[in-house]
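Just below is one structure, and these are the notes that go with it.
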There are 2 protein chains.
Amino acid sequence: MEKAASQRASDIAYDKIRQFVLSGHAEPGDQLTEEQLARISGVSRTPVREAVRRLENELLIVRSDSKRLFVADWSADDIDEMFVLRGMIEGHAASRAARNISVRQLEEMGRISDLLDAAVTANPPDVAAFLAHNRSFHDIILEAARSPRLSAMLPKLIEQPVVSRTAQQYRVSELLQSARDHRELIAAFAARDSHWARAVMTSHIRRAFHAFSITTKRPRDQYQAND
Amino acid sequence: MEKAASQRASDIAYDKIRQFVLSGHAEPGDQLTEEQLARISGVSRTPVREAVRRLENELLIVRSDSKRLFVADWSADDIDEMFVLRGMIEGHAASRAARNISVRQLEEMGRISDLLDAAVTANPPDVAAFLAHNRSFHDIILEAARSPRLSAMLPKLIEQPVVSRTAQQYRVSELLQSARDHRELIAAFAARDSHWARAVMTSHIRRAFHAFSITTKRPRDQYQAND
DNA sequence: CGATAGACATTTGTATACAATAGCGTCAAC
DNA sequence: GTTGACGCTATTGTATACAAATGTCTATCG
């Protein structure tokens, strides 16, 4: 696995604990003690505490009434809710980006979009590359939105268990549609049309939710209650 | 000032540092060192670090390219953006609450609304009480929305410098309208009408933004660009 | 037999000492 | 005079020891 990004112990702890939780080594509801996590990560409790704070903030870990740590439990409704929020916020980000994006950023998005197409049309599709470029693409939008608030909130919704699990299982048809969305987003940005950008982004996210629902074979009675 | 809530050193540090930043003892852009903050809070660096993490998350403090701490700078656009996001998210919370709220919670909101009215119609208006009850009111909505995600995100947007500064300066007419909003929210909840609830909440927040704009005498050219 | 208090174990919280790193100034070489 | 390298200082990062708090088990009393 890749650690590369940083050698700070608290980051190592973050990665290890995150992986520990996501890989299913711990069941939702299981208690986690700082010492145990320190052993797993190979660092002392101090950086573990920092890592835990981050994970807690991302709602992968929760704290009991008083201070004991547990693996968070994500209900179907939680997941739906997460996608709803993400749709709202990313839609808003796209709307802002359409107003603020620079020519240079637009060109960069075009280049990334080419890479996305290449990854999708490869045989077999290069999902890892797709994910990486998809990430870059959305990062540029966030950057173009020029709002520290958005930049702070979105990672919390994106870096969630479901997302990583989901994207791995996209089917080719979904990847193709996703690539088309990216092209349309660029068009909306180029036209400086914030409404268009928001709409495309919203359906983009919503589709991801449906893809997730299907791949996880969950009955879809939870989203018809939306208004 | 009130500390009451907790005697944990990290909470003390949080309160003290927050107050230090908001009271204007530190200018936006000023560097803050952990040791300095530890001296101010009267605790060691360890809990200070936890407090700083929280404040960083709430965007009251920012970290430079590498790890040095500075007082965050809130531009006019940042503030507008904060209110926009808050409107979106609180609107969504209200929408969810309308679907999920319990009779008991509705009754509780009625009681709080009475207290709000009392605070507003007192002579002079009891702003402190108004703020406290307003807070309780919104807490119930958040609770009724039954979404950990929302509960985690909102405090970040609400517990901001501007909010506390703003509310102190509400004028009586604004307090009255605010109290009316609360009554209407209760009506929307009682009717289980999520659209109504969302709309009332959205204008409620938007009005707060305008009240803020006026009290801070900022030219209001920033919000006509919204879509 | 059930409840409750108290001792004991487990877990989190804090302080302090030390290590690593980033910023900054100085001095030397060209 | 400018530039670059070196070392010093300021600041953040980590480990460890200890303190406080929370949960749990058991024994005793009603």
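All chains are named by letter (A, B, ...) in the order of the sequence lines, taking the proteins before the strands, and each is independently numbered beginning at 1. Reckoned from all heavy atoms, side chains included, excluding hydrogens, waters and symmetry mates.
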| said: Can you pull out the residues from residues 24-39 of chain A that lie within a 4.0 Å heavy-atom distance of DNA chain D? | reply: none

| note | The nucleotide from C:dA15, D:dG13, C:dT12 with an atom nearest the side chain of B:Ser44 is C:dA15

| What nucleotide, of D:dT12, D:dT14, C:dT16, holds the atom closest to the side chain of A:Pro47? | D:dT14

| task | Report the residues that fulfil salt bridge (Lys or Arg N to Asp or Glu O under 4.0 Å) with A:Arg63, sequence neighbours left out, ordered by chain and then residue number. | result | A:Glu56

| query | Atom CZ of A:Phe70 to atom P of C:dT10: distance rounded to whole Å? | reply | 16 Å

| remark: Rounded to whole Å, the CD1-P distance (B:Ile12 to C:dT14) equals 8 Å

| request: State which residues pass salt bridge (Lys or Arg N to Asp or Glu O under 4.0 Å) with B:Glu143; sequence neighbours excluded, sorted by chain then number. | output: none

| Does B:Phe130 have any ring-ring contact (aromatic ring centres under 6.0 Å, His included) partners at least two apart in sequence or in another chain, and if so, which? | none

| task | Mind jotting down which residue pairs meet the ring-ring contact (aromatic ring centres under 6.0 Å, His included) criterion with at least one end in residues 33-60 of chain B? Sequence neighbours excluded, please. | result | none

| task | Spell out protein contact along nucleotides 17-24 of chain C as letters: B when the base is contacted, S when just the sugar-phosphate is, - when no protein heavy atom is under 4.0 Å; keep the 5' to 3' order. | result | -----SS-

| said: Can you list everything that forms a salt bridge (Lys or Arg N to Asp or Glu O under 4.0 Å) with A:Arg111? Sequence neighbours excluded, please. | reply: A:Glu108

| task | Go through the structure and list residues passing side chain to side chain donor-acceptor pair (under 3.5 Å) with A:Asp78, not counting sequence neighbours. | result | A:Ser75, B:Arg149

| request: Round to the nearest Å and state the distance from A:Arg49 atom CZ to D:dT12 atom C1'. | output: 18 Å

| Pair A:Arg206 + A:Asp80: basic N to acidic O under 4.0 Å | yes

Side chains of residues 21-31 of chain A: which donor-acceptor partners sit under 3.5 Å, not counting sequence neighbours?
| residue | atom | partner | partner atom | Å |
| --- | --- | --- | --- | --- |
| A:Ser23 | OG | A:Gln19 | O | 2.9 |
| A:Ser23 | OG | A:Phe20 | O | 3.2 |
| A:Asp30 | OD2 | A:Glu27 | N | 2.9 |

